[in-house]
Structure formats: structure tokens, C-alpha cells
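Report on one structure; see the data block that follows.
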Amino acid sequence: MRIFLLCFVSVHLPILAFAGTMAWLGTWSWAVFWPILLATVLGTGAAILGMAGLLKPIGIATEQLRRVQRGEMVERIPEGGPDMAGQLLAAVELAAQATRERVEKVRSLAGSDPLTGLRNRRGLNESLQAVLASGGSGTIAVLDCDRFKQVNDTLGHAAGDRALRAIAGGIRAHTREADTAARWGGDEFVIYFADLDPDAAGQVLVRIRDALHQQPAALIDDQPLGFSFGLARLGGAQGHRDSNSAFDAADRDLYRAKQACRGAIPA
């Protein structure tokens with residue numbers, strides 16, 4: 001409002017000076033008045049349009065700064081010129097970029113397991129929801145370490161943590177970018193094998209277990225720490241329609257494997 005008032009007075013100075021002069025002289029000249037009035041009107045319009053253009057970047061910057069303060073993601077801010085308004089836009093863009101990076105980092109940390117670096121339960125669920133929403137399908141595998149409690153009891157919790165990290169490393173080494181692996185909790189892991197049926201997923205898991213036998217994550221009674229697993233289809237014509245039912249089916253398959261033999265391959 002103050003800027004508008006300043007511009008209004010500045011543009012109208014000629015006509016105000018003319019009116020004051022005519023009043024002081026006690027005369028009036030329409031031949032002079034009309035050109036001055038026309039110039040004043042045109043100048044006012046040009047000033048309004050010019051100020052609107054100059055103030056637009058400031059309005060954009062102000063709105064985006066409010067969003068940054070609220071912790072919201074902001075869109076790309078248009079580049080400005082070399083003037084102060086352009087410098088303001090550039091500064092806001094830097095602040096917005098820093099906010100985007102912080103938000104992405106927080107999201108990543110919120111969906112990751114700090115011990116193993118794999119996804120956590122939340123991160124896996126978000127990935128599976130995206131898979132189902134896009135019409136994808138694959139196999140859910142639930143892994144449970146055999147005799148892991150003995151590792152903690154006999155070798156200590158630090159050794160247990162090292163074993164979990166070693167298992168996570170084996171999973172990463174044998175899964176694809178399209179797959180999603182997570183530490184579900186404790187010594188239990190979950191892997192989603194994209195576009196693989198249970199037989200193909202089971203073969204991958206056997207390779208992971210063989211690799212861990214060759215380079216043991218831990219030894220219990222001179223035997224390498226292994227794991228049992230259960231499998232279930234997710235999505236597609238033959239798979240479960242939601243992740244919860246797929247987890248339940250994989251858990252039942254895992255239970256059968258545990259009952260049959262530690263580390264046995266489920267049918």
C-alpha cells in the first residue's frame with residue numbers, strides 16, 4: 001500500500017503542480033490540462049503494470065518462504081534477473097532446496113533400519129503399497145534366523161549385531177534393485193522379490209544361505225548361523241491381494257519349515 005501511494009503521488013505530481021500553478025495565477029488552460037491528464041493516466045497505468053511485475057517475484061518468494069517455514073515441500077522457484085528481486089528468488093531457492101534435502105533425508109531415515117541399513121517395517125510397507133497400487137506382483141519371503149538367541153547368549157549382543165549386519169549384506173549381494181529387503185524386527189527379515197514366483201525366489205534364498213554358510217555370520221557349536229524362510233505370492237492373478245494376508249501365508253510357510261528342520265527349504 002505504501003509503495004502504491006508513493007507511485008500514485010509521484011505520477012500525479014505534474015498535474016498537481018499544474019493545478020496549483022493555475023490556481024495561483026487565477027486562470028485555467030484546457031489546452032495544457034488535457035495533454036497533462038492523458039500523460040498522467042497513461043503514466044499511472046504503466047506504473048501499476050510495472051510495479052506489479054516487479055512485486056510478483058517478491059510475492060512468489062514470500063509465499064514459498066511461508067511454505068518453507070511450515071516444513072512443506074516447495075516447487076522449483078523461477079529464476080530472476082540480476083536485480084535485488086532476482087537475488088531474493090535465488091536465496092529462496094537455496095532455502096527451498098535445503099528443505100527438500102532435509103525432508104528426503106528424514107523420510108529415508110524414517111524408513112530405514114539403523115543397524116543393517118535395510119528398510120524397516122514402515123519402509124517396506126510403503127514400498128509394498130506402491131507395488132500393489134501400480135498392479136505389480138512378486139513373492140514375499142519371511143526369513144527367521146535359526147538359533148539366533150544362542151548367538152546373543154553365548155557370544156554377546158555385539159556379535160549378534162554383527163551377525164545381523166552380515167545377513168543383511170548377504171541379502172543385498174544377492175537381490176536386485178527391483179527387490180525390496182527389510183529387517184522386520186529382531187532376527188527376522190522380509191524380502192519382496194519383484195516379478196518372481198516362489199520357486200525362483202526360493203532359489204535366490206538358497207544362494208544367500210549357502211553364501212552365509214561359506215562365510216558364516218556367526219558359529220554356534222561350530223555350525224554356521226543359518227535361517228529358515230517362508231514364501232507367499234503377492235499381487236497378480238494367483239497372489240494375495242494385500243500384504244497382510246501375504247505375510248500371514250509366508251509366516252505359516254515359515255512355521256512349517258521350522259517344524260520340519262532348522263534351515264530346511266520349505267516346500
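Here the structure is a predicted model, which means the values were calculated and not measured.
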Checklist entry - Hey, what do you get for CZ (Arg183) to CD (Glu188), rounding to the nearest 0.5 Å? => result 11.0 Å

Item to check | Leu234 versus Ala246, closest heavy-atom pair with distance | outcome: CD1-CB, 3.9 Å

Next on the checklist: To the nearest 0.5 Å, what is the distance between CG on Asp179 and NE2 on His174?
Outcome noted: 12.5 Å

Checklist outcome for this item: In terms of heavy-atom contacts, Leu118 and Ala168 come closest through CD1-CB, 3.7 Å

Next on the checklist: Treating Arg172 as the side-chain partner and Ala181 as the backbone partner, does any N or O pair qualify as donor plus acceptor under 3.5 Å?
Outcome noted: no

Next on the checklist: The test is side-chain contact (heavy atoms from CB on, under 4.5 Å); show your working for Thr116 and Ile167 and say whether it passes.
Outcome noted: CA-CA 9 Å; Thr116 62; Ile167 293 171; over 6 Å; no

Checklist entry - For the residue pair Ser243 and Leu128, what are the closest heavy atoms and their distance? => result CB-CD1, 3.9 Å

Checklist entry - Atom CG of Asp248 and atom CG of Asp253: how far apart are they, to the nearest 0.5 Å? => result 12.5 Å

Checklist entry - His240 and Ala249: which non-hydrogen atoms are nearest, and at how many Å? => result NE2-CB, 3.4 Å

Next on the checklist: Just so I know, are the side chains of Ser112 and Asn120 near enough to count as touching, which here means a heavy-atom distance under 4.5 Å?
Outcome noted: no

Checklist entry - Hey, is the main chain of Gly236 close enough, under 3.5 Å, to the side chain of Arg241 for a donor-acceptor pair? => result yes

Checklist outcome for this item: CD of Gln259 to CG of Leu254, rounded to nearest 0.5 Å, is 10.0 Å

Checklist entry - When you look at Phe227 and Asp187, which way does the side-chain contact (heavy atoms from CB on, under 4.5 Å) test go after all the steps? => result CA-CA 9 Å; Phe227 61 80; Asp187 61 333; over 6 Å; no

Checklist entry - Is there a chain of hydrophobic side chains (I, L, V, M, F, W, Y, each step under 4.5 Å between heavy atoms) that links Ile171 to Leu115? => result yes

Item to check | CG on Asp144 to CG on Asp146, rounded to 0.5 Å | outcome: 7.0 Å

Checklist entry - Do the side chains of Leu212 and Leu225 get nearer than 4.5 Å, heavy atoms only? => result no

Next on the checklist: What I'd like to find out is whether the side chain of Ile191 reaches to under 4.5 Å of the side chain of Leu143, using heavy atoms alone.
Outcome noted: yes

Next on the checklist: Would the distance check show the side chain of Asp242 and the main-chain N or O of Asn244 forming a donor-acceptor pair, the cut-off being under 3.5 Å?
Outcome noted: yes

Next on the checklist: Could you tell me if Thr180 and Arg119 have a donor-acceptor pair between their side chains, going purely by distance under 3.5 Å?
Outcome noted: no

Next on the checklist: I need the minimum non-hydrogen distance between Gly136 and Tyr192, along with the two atoms involved.
Outcome noted: C-OH, 4.3 Å

Checklist entry - So, Thr139 side chain and Phe193 main chain: donor-acceptor pair closer than 3.5 Å or not? => result no

Item to check | Any side-chain heavy-atom pair of Arg233 and Pro198 under 4.5 Å | outcome: yes

Next on the checklist: Is there a side-chain contact (heavy atoms from CB on, under 4.5 Å) between Asp197 and Gln238? Walk through the geometry before answering.
Outcome noted: CA-CA 10 Å; Asp197 60 26; Gln238 300 177 338; over 6 Å; no

Checklist entry - Honestly curious: do Tyr255 and Phe189 fall in one hydrophobic cluster under the side-chain, below-4.5 Å linking rule? => result no

Checklist entry - Under 6.0 Å from the CH2 atom of Trp30, do we count more than 12 heavy atoms belonging to anything else shown? => result yes

Next on the checklist: Quick one, Phe247 with Trp184, criterion side-chain contact (heavy atoms from CB on, under 4.5 Å). Give me CA distance, side-chain angles, the key distance, then yes/no.
Outcome noted: CA-CA 11 Å; Phe247 282 131; Trp184 198 244; 3.7 Å; yes

Item to check | Value rounded to 0.5 Å, distance of CD1 in Ile220 from CG in Leu155 | outcome: 5.0 Å

Item to check | Over all atoms of both residues, closest heavy-atom pair of His213 and Gly226 | outcome: NE2-CA, 4.2 Å

Next on the checklist: Just to verify, which of Asp153, Asn152, Val151 counts as forming a side-chain contact (heavy atoms from CB on, under 4.5 Å) with Lys149?
Outcome noted: Asp153

